[in-house]
2 protein chains.
Amino acid sequence: MSTATARALEHPRLEEIRLEAVLHALSDPMRLQVVRFLADLGEGREAACSAIELAVSKSTTTHHFRVLREAGVINQVYRGTAKMNALRRHDLDTLFPGLLGTVLDAEAAQRRRTG
Amino acid sequence: MSTATARALEHPRLEEIRLEAVLHALSDPMRLQVVRFLADLGEGREAACSAIELAVSKSTTTHHFRVLREAGVINQVYRGTAKMNALRRHDLDTLFPGLLGTVLDAEAAQRRRTG
DNA sequence: ATCGTACTACGACGAATGTCAAATTACGAT
DNA sequence: ATCGTAATTTGACATTCGTCGTAGTACGAT
């Protein structure tokens with residue numbers, strides 16, 4: 001092949017991110033768990049898909065990561081054989097100030113309350 | 001019939017409200033429009049279903065109101081022949097501080113941006 | 001008792017969703 | 001070239017979702 005550009009991954013541009021899609025992406029427990037994990041990693045840090053243990057099959061995990069990416073919640077990039085994931089925190093905060101933070105706080109509150 | 005108690009309407013109690021359900025309820029454009037409308041009404045104020053013009057049929061409208069109620073986002077009560085709706089703002093703020101506010105702000109921001 | 005308004009209930013239907021298993025691709029290391 | 005690890009793709013499946021129209025119930029007013 002030509003110059004080894006890693007396989008392309010479609011991401012919505014900043015202006016293309018829709019609130020409804022973000023909320024929908026965050027409304028699934030598995031995906032919320034992924035977002036929580038990435039948030040706890042700290043600003044700008046990334047993790048491989050395999051670093052996050054979800055109680056579903058590999059293909060389902062792949063599916064959830066794609067939903068998050070296509071909604072604009074995470075950024076995915078191939079790094080060797082792994083696929084690294086990071087929250088698009090800055091983009092989301094630009095578009096919807098405070099939203100991600102309050103959702104994460106809400107998730108934490110709920111976890112505290114109901115185990 | 002006996003003492004005229006208006007038909008009962010099932011609402012989740014405070015502790016039963018789930019973040020995922022709330023986010024899912026808010027992730028639909030029609031329902032977001034309803035929430036926006038109720039929020040603009042002002043603290044504690046209520047509106048009949050018919051006061052909110054949605055670009056869908058009556059039965060679909062009923063459906064969306066039910067989703068919002070069952071998620072714990074709105075409170076519904078029969079008043080005569082009308083069914084009045086109000087945001088459960090206080091309950092939601094107790095459970096998930098700031099969430100409803102940031103979602104509404106996000107919705108406003110998006111509307112400003114994309115018409 | 002009748003009428004009109006407001007909302008519901010009951011299917012129905014196609015589209016989307018969450019899930020899985022099996023086969024496949026991409027890449028680094030040997 | 002071969003192997004192992006990481007992740008994808010495809011196709012299947014049951015479920016849920018958003019939508020509609022039609023028929024029905026509840027209630028206030030006449």
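Per chain, numbering begins at 1; letters A, B, ... match sequence-line order.
A donor and an acceptor atom never sit less than 3.5 Å apart when one is taken from the side chain of A/T81 and the other from the base of C/dG28. For A/T61 and D/dA7, a side-chain-to-base donor-acceptor distance below 3.5 Å is absent, hydrogens and geometry of angles not being considered.
Distances shown here put a side-chain N or O of B/S57 below 4.0 Å from the OP1 or OP2 atom of D/dC20. Phosphate proximity of C/dG18 to A/T60: absent, as no side-chain N or O sits under 4.0 Å from OP1 or OP2.
A/R79 comes within contact range of no nucleotide atom at all, as no heavy-atom separation falls under 4.0 Å. Counting non-hydrogen atoms under 4.0 angstrom, A/S50 reaches the backbone sugars and phosphates but no base. B/H63 comes within 4.0 angstrom of a nucleotide base, judged by non-hydrogen atoms across all strands.
A donor-acceptor pair under 3.5 Å is absent between the side-chain atoms of A/E46 and the main chain of A/M84, judged by distance alone. Side-chain atoms of B/R69 come within 3.5 Å of backbone N or O of B/E10 as a donor-acceptor pair.
Looking at A/V103 and A/L32, their side chains come closer than 4.5 Å, going by heavy atoms from C-beta outward. For the pair B/L100 and B/V22, the minimum side-chain heavy-atom distance is 4.5 Å or more.
Across the protein-nucleic acid pair, A/H64 atom NE2 and C/dA16 atom P stand 18 Å apart, rounded to whole Å.
Along DNA chain C, the nucleotide nearest to A/V67 and the one nearest to A/G80 differ in position, and the one closer to the 5' end is contacted by A/V67.
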